[in-house]
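Start at 1 and go down the list; that is how both ligands and their atoms are numbered. Start at 1 with the first residue, then count along the sequence.
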Amino acid sequence: MENFYKQLLEKNKDWVAKKLDENPEFFDNLAQGQKPPLLWIGCSDSRVPANEIIGAPPGEVFVHRNIANMVIHTDMSMLSVLDYAVNALKVKHIIVCGHYGCGGVKAALTNDSIGIIDNWIRHIKDVYRFHHKELDLMKDETERFNRFVELNIVEQVYDLAKTSIVQKAWESGQELMIHGWVYGVHNGLVKDLNLTMKDNNSLAEVYQLDF
Ligand code: CO
């Protein structure tokens with residue numbers, strides 16, 4: 001146990017040495033500031049490391065991760081990350097990246113009580129309720145689980161578009177695209193769900209804000 005912990009610090013030193021070997025100014029450049037073009041909203045799952053799966057170096061991705069990549073409008077952490085990314089960093093893209101085999105989404109399919117997390121998972125159950133006609137038709141459990149993962153991502157993309165932060169950016173003509181991705185932990189590949197949003201026209205009218 002102690003050994004594992006010590007190794008982390010050793011690995012950090014190795015990483016620094018490798019980076020400096022490749023580019024002696026690597027950290028000096030990063031210390032100047034950040035201008036990432038991308039906000040990543042992903043799952044906390046240890047198998048889905050944001051930068052690594054898209055080959056992005058430090059400085060390229062602003063990251064928010066939580067259980068099942070949720071966009072919950074009362075989540076101050078998510079709202080603060082979104083506000084800073086859109087209004088200060090002026091990111092051009094937001095990617096909501098979920099993944100097949102997501103434990104949070106799987107938990108939402110059961111009636112088990114796990115603890116406080118039940119209240120977080122409840123938001124995923126809402127996604128099931130919105131789409132229960134399609135999901136209930138699927139007899140194959142894996143197929144239904146996979147589709148539920150995808151639909152949860154779709155809803156989080158819409159939930160981002162519903163925020164006053166995103167709508168205001170669009171209203172002011174800021175270039176900002178929101179995408180939904182699903183990552184395959186079994187093969188490493190990303191599937192683009194092709195639901196890119198760049199204005200609030202595809203939101204139901206009731207959500208569209210006038211500023
Ligand atoms: Co997950």
Within-2.8 Å protein N/O/S contacts of the Co ion (ligand 1)
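Atoms qualifying: Cys43 SG, His99 NE2, Cys102 SG.
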
Can you sort out the partners of Leu189 under side-chain contact (heavy atoms from CB on, under 4.5 Å), two or more places apart, ordered by chain and number?
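Only Asn187 meet the side-chain contact (heavy atoms from CB on, under 4.5 Å) criterion with Leu189.
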
Just to verify, what does Asp136 make a side-chain contact (heavy atoms from CB on, under 4.5 Å) with, not counting sequence neighbours?
Tyr128, His132

Does a sphere of radius 6.0 Å around NZ in Lys106 hold more than 12 heavy atoms from other residues, nucleotides or ligands, not counting ones at 6.0 Å or beyond?
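Counting neighbours around NZ of Lys106, 12 or fewer heavy atoms of other residues, nucleotides or ligands fall under 6.0 Å, so no.
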
Residue pair Val96 / Ile153: nearest heavy atoms and the distance that separates them:
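Nearest heavy atoms, Val96 then Ile153: O-CG2, 3.7 Å.
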
Can you list everything that forms a ring pair (Phe, Tyr, Trp, His ring centres under 6.0 Å) with His179? Sequence neighbours excluded, please.
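So His179 forms a ring pair (Phe, Tyr, Trp, His ring centres under 6.0 Å) with His93.
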
Exercise: do Gln208 and Asn200 side chains pair donor with acceptor under 3.5 Å
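No - no donor-acceptor pair under 3.5 Å links their side chains.
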
